[in-house]
There are 2 protein chains.
Amino acid sequence: MSNAKQSEKEFLRTYNIHDYEVPLTSVDLAIFTIKDQLLQVLLVKRGDHPFKGKWCLPGGFIDIHHDADLDAAALRTLREKTGVDAPYLEQLQGFGSGVRDPRGWSTTFVYFALISSDQIDLIHGGNADAVRWCAIDDQNVIPPLAFDHKPILEVALQRLRNKVEYTSLPAHLLPEEFTLTELQQVYQIVLGRLVDKSAFRKRIREGDFLEELEGKWRYGSNRPAQLHRLRKGQDTVYFSRLMSGETSAK
Amino acid sequence: MSNAKQSEKEFLRTYNIHDYEVPLTSVDLAIFTIKDQLLQVLLVKRGDHPFKGKWCLPGGFIDIHHDADLDAAALRTLREKTGVDAPYLEQLQGFGSGVRDPRGWSTTFVYFALISSDQIDLIHGGNADAVRWCAIDDQNVIPPLAFDHKPILEVALQRLRNKVEYTSLPAHLLPEEFTLTELQQVYQIVLGRLVDKSAFRKRIREGDFLEELEGKWRYGSNRPAQLHRLRKGQDTVYFSRLMSGETSAK
DNA sequence: CCAATAGTGTCTTTTAGACAGTATCGG
DNA sequence: CCGATACTGTCTAAAAGACACTATTGG
């Protein structure tokens, strides 16, 4: 045993990573929010080659001296681009090929993040016009993207829409405090269809992932609406069925 | 425009990947099958450092000269370890950190594959005892695994069990031709609970992803059972609800 | 005829879908 | 009082769950 350990030590002493050709490795983010009643994704303009001047998803290479792991690299990138610290962040998928980056064989770990548009301050980046929100309504307003970021964005959107059907995820797109009607609107925006109010509220109630903020109300020229928030430390809830279908109800 | 192109060309001419420190990149596979009425995962014994002699999930480094993309690298690895060519293969997730491999910062793209145990010939590897099926029943029979492969396997299992709840995936764990009862047993084995026969069959019928093999039957000392197979070119079907719950029915 | 498993039907309970009805604000 | 939106209740149709029943083989 001590012999094997010794042998392994010797192996590691002489091992040199630079003897092998390895791909480039980066982390990219699909950051979504709801703004102006639309689902929007964050894009940045590339300041360097390759694809200088083109829009793309925010991302960067892994810094092996400072990033402890992939999640840390994603969080760092998110902080650098948006100033936001602890939103909903989940790894989507990896992409990699010999042709997606002109610099050579490259891989990227794509994360998707959900944040509320009120926490975020896009000026943060330094050069203000190099970062923008881009609405996802009719697809053609999305500019051409660098690398393979267009198909990556498609996959991210698909995953988001899919998860919205059966999870409590959309709550992360809203500010900390919100009304049930606001939450319902988020579901409707992402899904692109109307949802029955009664069924929606039953579902949310049974999921039991929100708490009422006693005595806190959203006022207007109508009956006040109860404010809610996600329960502290609440994990994402998975419903056993899909979101109920379209309805004639407004 | 031609100016920008020129500038990009110049950039690429002088770009040298070896000026940067990048992580190691590999592909690992969680290959599942049903054997002896149990869910089993394929393990290989490491023949080299690090972790020489320890069991782990099959995998290997990306070969940037021969692998076109990640999927190709995964398929190649699968073929090398099992001789199987075209099973169900899907990317699970990426893992990466500075500590998971003693050789340095490393990342791995984990795929999971479903194959039928009858297509596969483990002798293929060359050194026969260095590869084995390991049953997933009570967890403690799984040996300690190299790297972070134990938690990776946990994630793969969780994903598999989860997907079985609402997709047609388990059909890939069976040979090409099978009876509905055999398919039901696969669901039961993976889920670890019984499923109602009537509800199960209704579900499968409505999913409409199988075809009856006319005139082909499984015989025994009882009523013969109709053989089925997956429709050609059939994608995975997603049910709108979870698999129906436990029942007292045998 | 019997044991065994395949496959179908039926009844009951639960849930979704549609929509009406009531509540409470500002003006 | 009115318009607007929050919130709740009710009825009906559809689906799930439990389980019994029939069908067809070998021995």
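What you see below is based on every heavy atom in this structure, not just the backbone, and it leaves out hydrogens, waters and symmetry mates. Throughout, a chain's letter reflects where its sequence line sits, starting with A, and its residues are numbered from 1.
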Taking only Lys NZ, Arg NE, NH1 and NH2, and the carboxylate oxygens of Asp or Glu, determine whether B/Arg161 and B/Glu165 approach each other closer than 4.0 Å.
no
I want to confirm an ordering. Mapping A/Lys202 and A/Tyr219 to their closest nucleotides on DNA chain C, which one lands closer to the 5' end?
A/Lys202
Relative to each other, are the rings of A/Phe200 and A/Tyr187 parallel, tilted or perpendicular (30° and 60° limits)?
perpendicular
Expressed as a whole number of angstroms, how long is the span from B/Lys216:NZ to D/dT25:C1'?
20 Å
Which donor-acceptor pairs under 3.5 Å do side chains of residues 172-180 of chain B form with protein atoms, sequence neighbours excluded?
residue: B/Glu177; atom: OE2; partner: B/Lys216; partner atom: NZ; Å: 2.9
residue: B/Thr179; atom: OG1; partner: B/Glu182; partner atom: N; Å: 3.1

Counting side-chain heavy atoms from C-beta on, which of D/dC19, D/dT5, C/dG26 comes nearest to A/Ser221?
C/dG26
Specify the separation, in whole Å, of atom NE2 of B/His228 and atom C1' of C/dA6.
11 Å
Side-chain atoms of B/Gln226 come closest, of C/dG7, D/dA4, C/dA4, to C/dG7
Identify which one of A/Asp28, A/Thr77, A/Asp71 satisfies the side-chain hydrogen bond (donor to acceptor under 3.5 Å, both in side chains) criterion when paired with A/Tyr111.
A/Asp71
Regarding the side chain of A/Asp196, the nearest nucleotide among D/dC7, C/dA6, C/dA18 is C/dA18
Aromatic plane relationship, A/Phe32 with A/Phe112 - under 30° parallel, 30 to 60° tilted, over 60° perpendicular
perpendicular
Between CD of B/Glu206 and C1' of D/dA14 the distance, given in whole Å, is 11 Å
Whole angstrom is fine here: how far is it from CD in B/Gln185 over to P in C/dG7?
12 Å
In whole angstroms, how far is the C1' atom of C/dA6 from the CD1 atom of B/Ile204?
16 Å
Rounding to an integer number of Å, can you tell me how far B/Lys197 NZ sits from C/dT8 C1'?
9 Å
Residue A/Arg223, side-chain heavy atoms: nucleotide from C/dC19, C/dG9, C/dT24 that is nearest:
C/dT24
Considering only heavy side-chain atoms of B/Ser198, the closest of D/dC7, D/dC19, D/dA6 is D/dC19
State which of C/dT22, C/dG7, D/dC19 makes the closest approach to the side chain of B/Trp217.
C/dG7
Heavy atoms from C-beta onward define the side chain here; which of D/dT5, D/dC7, C/dG7 lies closest to that of A/Ala225?
D/dC7
Whole-Å distance, B/Asn222 CG to D/dT22 C1', equals 15 Å
To the nearest angstrom, the CD-C1' distance between B/Gln184 and C/dT5 comes to 12 Å
The side chain of A/Arg201 is closest to which nucleotide in this list: C/dT8, C/dC25, D/dC7?
D/dC7
